[in-house]
Amino acid sequence: VVTYSSLIAGFCRAGLVDDALKMFKIMHELKCTPNAHTYTPIIQFYCSRGGIGMARRILDYMHDYGIVPDVVAYNVFVQALCQAQQFEQVETLLGESDEKGWMPDSVTYNTYINGLCKAGRVEDAFDQLEVMLGNGLHPTAVTLSILLNSLCSESQVVQVKCLLEKSVLLGWFIGTDGYNTVMSRLCESGQWVAALKLFADMVKKGVNPDTQTFNIVINSLCKGGKLGVAKCMVRSQGFIAD
RNA sequence: UGAAGUCAUUA
């Protein structure tokens with residue numbers, strides 16, 4: 001199964017569904033039973049091409065044939081629903097999760113929250129965050145990055161600073177990814193001074209900048225013509241340029 | 001599972 005699932009994933013990634021589907025035939029001949037890993041890439045392929053109906057049919061098929069779709073399979077589907085802005089469908093799907101035998105995880109909610117944010121429904125996104133927390137799930141680095149990202153595009157630096165402070169009170173740890181998100185929003189509006197301040201902030205708090213952090217800052221310095229400072233940054237301790 | 005599939009931020 002692992003061998004064929006890997007092949008199927010590879011074909012799907014390359015856009016070659018037909019070849020992927022041929023693998024199912026071979027598996028059948030070998031009496032090799034597909035599992036959720038086997039089907040998920042196929043579901044994702046159709047989802048990425050707007051084939052939500054097809055994806056749904058595959059999920060139903062799996063269910064009928066006793067290959068219970070797991071949380072990853074559903075997460076792929078949730079993302080497609082979000083991209084199509086079919087949020088009521090997401091609600092329905094989550095509501096039925098119990099009887100369908102799966103439990104939404106942090107990726108499920110991250111996907112949903114991100115979809116709502118991107119659709120401009122930030123209030124709803126925060127409601128879902130509450131639901132997520134109510135289900136005993138902790139916000140991950142990705143959750144925070146999603147929220148910070150939307151707050152940065154919605155409002156101004158001041159409010160983001162508030163969130164950075166509040167995050168400590170809430171016990172949420174904003175790490176490298178969270179800072180990267182905020183800094184890239186700042187840089188995109190040419191606020192490289194604020195970005196550099198934040199850079200200093202994170203170092204002070206013991207959050208280690210990674211290669212992406214440096215790239216974000218260096219990129220904005222270059223765009224702003226601050227080539228000297230940019231060159232300095234490249235020579236920084238612990239930075240591995242890529 | 002220490003082998004396969006899903007979410008955000010830079011280029």
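Any value given below was found using the heavy atoms of this structure, including those in side chains, with hydrogens, waters and symmetry copies removed. Below, read A as the first sequence line, B as the second, and so on, with proteins coming before strands; counting in each chain starts at 1.
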- prompt: With rounding to whole Å, what would you report as the distance between G5(B) and U1(B) at their C1' atoms?
  reply: 16 Å

Which of the following nucleotides, [options], is nearest to the side chain of [X]?
{"X": "T181(A)", "options": "G5(B), A8(B), U9(B)", "result": "U9(B)"}
{"X": "N114(A)", "options": "U6(B), A3(B), A8(B)", "result": "A8(B)"}
{"X": "D70(A)", "options": "G5(B), U9(B), A4(B)", "result": "G5(B)"}
{"X": "N215(A)", "options": "U6(B), U10(B), U9(B)", "result": "U10(B)"}

Heavy atoms only, 4.0 Å cut-off, all strands: where does [X] land among base, sugar-phosphate and nothing?
{"X": "A73(A)", "answer": "base"}
{"X": "V2(A)", "answer": "base"}
{"X": "S145(A)", "answer": "base"}
{"X": "D105(A)", "answer": "nothing"}

task: Not counting sequence neighbours, which residues clear ring-ring contact (aromatic ring centres under 6.0 Å, His included) with F126(A)? List them please.
output: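 Residues passing ring-ring contact (aromatic ring centres under 6.0 Å, His included) with F126(A): none at all.
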
Whole angstrom value for the distance that separates [atom2] of [N] from [atom1] of [X]:
{"X": "Q128(A)", "N": "C7(B)", "atom1": "CD", "atom2": "C1'", "result": "15 Å"}
{"X": "M183(A)", "N": "A11(B)", "atom1": "CE", "atom2": "P", "result": "13 Å"}
{"X": "N110(A)", "N": "C7(B)", "atom1": "CG", "atom2": "C1'", "result": "6 Å"}
{"X": "D210(A)", "N": "U9(B)", "atom1": "CG", "atom2": "P", "result": "15 Å"}
{"X": "I146(A)", "N": "U6(B)", "atom1": "CD1", "atom2": "C1'", "result": "12 Å"}
{"X": "Y74(A)", "N": "U6(B)", "atom1": "OH", "atom2": "C1'", "result": "14 Å"}
{"X": "L147(A)", "N": "C7(B)", "atom1": "CG", "atom2": "C1'", "result": "12 Å"}
{"X": "R13(A)", "N": "A4(B)", "atom1": "CZ", "atom2": "C1'", "result": "9 Å"}

field: Base of A4(B) paired with side chain of S6(A) (donor-acceptor, under 3.5 Å)
entry: no

- request: Would you state whether a donor and an acceptor, one from the side chain of Q212(A) and one from the base of U9(B), lie under 3.5 Å apart?
  value: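 It does, because a donor-acceptor pair links the side chain of Q212(A) to the base of U9(B) below 3.5 Å.
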
message: Centroid distance below 5.5 Å plus an interplanar angle below 30 degrees: do H37(A) and A4(B) meet both conditions?
response: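 Whether judged by distance or by angle, H37(A) passes, so it stacks on the base of A4(B).
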
Would you list the atom pairs, donor with acceptor, under 3.5 Å between side chains in residues 216-225 of chain A and any protein atom, with sequence neighbours excluded?
| from | atom 1 | to | atom 2 | distance (Å) |
| --- | --- | --- | --- | --- |
| N219(A) | OD1 | K223(A) | NZ | 3.3 |
| S220(A) | OG | V217(A) | O | 3.3 |

message: According to side-chain contact (heavy atoms from CB on, under 4.5 Å), who are the partners of C47(A), at least two apart in sequence or on a separate chain?
response: I43(A), A55(A), V76(A), F77(A), A80(A)

Identified side-chain contact (heavy atoms from CB on, under 4.5 Å) partner of Y112(A) from the options L116(A), T108(A), N110(A): L116(A)

Show which side-chain atoms of residues 181-188 of chain A pair as donor or acceptor with protein atoms under 3.5 Å away, not counting sequence neighbours.
| from | atom 1 | to | atom 2 | distance (Å) |
| --- | --- | --- | --- | --- |
| T181(A) | OG1 | S145(A) | OG | 3.1 |
| T181(A) | OG1 | D177(A) | O | 2.9 |
| S184(A) | OG | N180(A) | O | 3.2 |
| S184(A) | OG | T181(A) | O | 2.9 |
| R185(A) | NE | E188(A) | OE1 | 3.4 |
| R185(A) | NE | E188(A) | OE2 | 3.0 |
| R185(A) | NH1 | N149(A) | OD1 | 2.4 |
| R185(A) | NH2 | E188(A) | OE1 | 3.0 |

- prompt: Which of residues 92-101 of chain A sit near RNA chain B, with a heavy atom under 4.0 Å from it?
  reply: none

field: CD/E88(A): more than 12 non-hydrogen atoms of other groups inside 6.0 Å
entry: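 Correct, the count exceeds 12.
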
field: Residue-phosphate contact under 4.0 Å: K118(A) side-chain N/O, C7(B) OP1/OP2
entry: no

Quiz: residues 5-33 of chain A side-chain donor-acceptor pairs under 3.5 angstrom, not counting sequence neighbours:
| from | atom 1 | to | atom 2 | distance (Å) |
| --- | --- | --- | --- | --- |
| S5(A) | OG | V1(A) | O | 2.6 |
| S5(A) | OG | T38(A) | OG1 | 3.0 |
| S6(A) | OG | V2(A) | O | 2.8 |

- prompt: From L147(A) CG over to L144(A) CG, what is the distance, rounded to the nearest 0.5 angstrom?
  reply: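 Reported value, rounded in 0.5 Å steps: 6.5 Å.
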
